[in-house]
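Here the structure is a predicted model, which means the values were calculated and not measured. Read the numbers this way: they start at 1 and go in the same order the structure lists the ligands and their atoms.
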Amino acid sequence: MASRTFSKALRSPLGRQLASPAVQTRTFVSAMGALRATAVASRTPARPAQQQVRGVKTIDFAGSKEVVYERADWPKEKLLDYFKNDTLALIGYGSQGHGQGLNLRDNGLNVIIGVRKDGKSWKDAIQDGWVPGKNLFEVDEAISKGTIIMNLLSDAAQSETWPHIGPQITKGKTLYFSHGFSPVFKDLTKVEVPKDVDVILCAPKGSGRTVRSLFREGRGINSSFAVYQDVTGKAEEKAIALGVAIGSGYLYKTTFEKEVHSDLYGERGCLMGGIHGMFLAQYEVLRERGHSPSEAFNETVEEATQSLYPLIGKYGMDWMFDACSTTARRGAIDWTPKFKDALKPVFNNLYDSVIDGSETKRSLEYNSQPDYREKYEKELDEIRNLEIWRAGKAVRALRPENQ
Ligand SMILES: NC(=O)c1ccc[n+]([C@@H]2O[C@H](COP(=O)([O-])OP(=O)(O)OC[C@H]3O[C@@H](n4cnc5c(N)ncnc54)[C@H](OP(=O)(O)O)[C@@H]3O)[C@@H](O)[C@H]2O)c1
């Protein structure tokens, strides 16, 4: 069904138009592009009018109106002026540190990195052109130089290091996070923020690698932003400006609580845990009913990731259903409520486990163990060696680009 779906979609005139890169990128193009977008819009399915007009900030999301902030409001000169008196001290150089740090540097801002000397991150930072003594320092020195302290250590490390780092966040500095985890679950993390500093958040909705790659493509990642504590009266504006400076295209307002609750829930659910569980369940039934590994894999993962999920991402679920055979469509629509009813109690359990702190406790306990990397590598190895993923490796090896 997969190849039929995709080729059918592309064969149709509408499909060809929708496959045009011009259409897929146009919400991020500037005034010049808006002209082209207007022409293209006449050939594409109806979308909320607000998304096609620059400068309109209130967007109607399915009947719920929200203010959305965008990169176009903060051109580079404005960012440079806004942060002209600031030193952004970015603590930690892992996935987010790398992406956000390089974007800040490319935007021309005064950014320095603070990491453990001679650790992996220190070496990675040097590889990326940060210079010890110039814009690469040990953590304490970077914090002392910084006016905006961007805590991008892993969440477990934020808790572990807080007794040492917390007292260094003195009046006049701003404390920035990319996750609400540490302050929201302060009973568990012990991250009690100082009362006299602005505490803000910008959480990119994707990995640090994507923060970087979308920035380099001239686009920007969707991020949420929030204010936990506003002592200057300028915390919200600072969060938005910083969100743009790190490479966000669009910024959605939230709270620290909502950000951490939805994020922990989503990654355990549809984004990663839930989808892996569903792949495994479908694959195992196919195998137990006599299907070959390749057939079970193709019907479970390959078709999903190579054909159908990208279509959902680009055009929505209804469009994807509409591009499928009548047989596939009928069955999918019939079975949707059965899956929803079976899964909703699991999602409710998961949400409860997030808000009562169980997920945070588990994460802190596991990730604080001295041998957590070895334990995690063992688990990854078990996943890697599952039949489904070994079959997947063989299927991917046949792709022309891998030959
Ligand atoms: N990754 C994502 O997709 C993502 C997306 C959105 C938001 N976030 C949030 O962004 C923040 C950073 O996450 P991340 O994924 O970028 O983290 P990460 O890749 O796990 O980076 C960990 C960093 O913490 C440092 N570190 C670990 N333990 C330390 C310790 N005891 N003392 C000093 N430094 C230590 C590491 O340095 P060494 O190399 O020296 O060990 C490294 O620089 C988190 O709040 C996370 O929830 C992440």
Side-chain angles (χ1 to χ4, degrees), residues 89-104 112-128 130 132 136-143 149-166 168 175-186 188-191 193 199-215 221-226 228 239 242-243 246-248 251-252 254 256 259-268 271-272 354 359-360 363-364 366-373 376-377:
L90 199 152
I91 309 304
Y93 198 73
S95 171
Q96 286 299 325
H98 158 92
Q100 296 187 26
L102 292 179
N103 292 353
L104 289 168
I112 59 175
I113 305 294
V115 286
R116 291 191 279 208
K117 184 127 191 239
D118 297 329
K120 182 179 180 303
S121 296
W122 181 272
K123 290 177 190 135
D124 288 348
I126 289 175
Q127 286 259 312
D128 288 343
W130 303 94
L136 173 61
F137 302 94
E138 290 200 58
V139 173
D140 291 357
E141 194 174 355
I143 295 175
I149 312 304
M150 303 175 70
N151 194 334
L152 293 180
L153 299 176
S154 68
D155 295 308
Q158 289 179 21
S159 172
E160 199 182 315
T161 58
W162 190 250
H164 181 74
I165 287 182
Q168 300 181 60
L175 180 58
Y176 164 102
F177 293 98
S178 278
H179 200 8
F181 190 95
S182 291
V184 170
F185 290 109
K186 60 185 175 196
L188 295 164
T189 62
K190 310 294 177 207
V191 175
V193 299
V199 181
I200 58 177
L201 165 154
C202 176
K205 298 286 112 188
S207 88
R209 303 286 147 187
T210 320
V211 172
R212 182 64 179 154
S213 61
L214 286 178
F215 177 84
I221 194 157
N222 280 352
S223 300
S224 49
F225 74 93
Y228 189 74
L242 210 41
I246 62 149
S248 308
L251 286 148
Y252 298 78
T254 186
F256 270 60
E259 189 282 332
V260 69
H261 292 161
S262 59
D263 196 70
L264 294 177
Y265 173 78
E267 66 203 8
R268 280 154 183 73
L271 300 181
M272 293 164 73
V354 167
E359 296 305 311
T360 298
S363 170
L364 285 173
Y366 185 90
N367 293 321
S368 302
Q369 296 171 70
D371 60 344
Y372 97 91
R373 274 186 205 274
Y376 158 75
E377 275 307 325

Exercise. Phe177 versus Gln158: any side-chain heavy-atom pair under 4.5 Å?
Worked result: yes
Exercise. Tell me, do Leu136 and Val115 make a side-chain contact under 4.5 Å, heavy atoms counted?
Worked result: yes
For this session: Would you please say whether a donor-acceptor pair under 3.5 Å links the side chains of Tyr376 and Asn367?
Result: no
Problem set entry | Aromatic ring pairing Phe256/Tyr228, orientation class (parallel under 30°, perpendicular over 60°, tilted between) | tilted
For this session: Report all protein residues having a heavy-atom distance below 4.0 Å to some atom of ligand 1; order the list by chain, then number.
Result: Gly92, Tyr93, Gly94, Ser95, Gln96, Arg116, Lys120, Ser121, Leu152, Leu153, Ser154, Asp155, Ala157, Gln158, Glu160, Thr161, Ser178, His179, Pro204, Gly206, Ser207
Exercise. Are His98 and Asp124 close enough that a side-chain donor and a side-chain acceptor fall under 3.5 Å?
Worked result: no
For this session: May I ask you to decide if Gly206's main-chain N or O and Thr210's side chain share a donor-acceptor pair within less than 3.5 Å?
Result: no
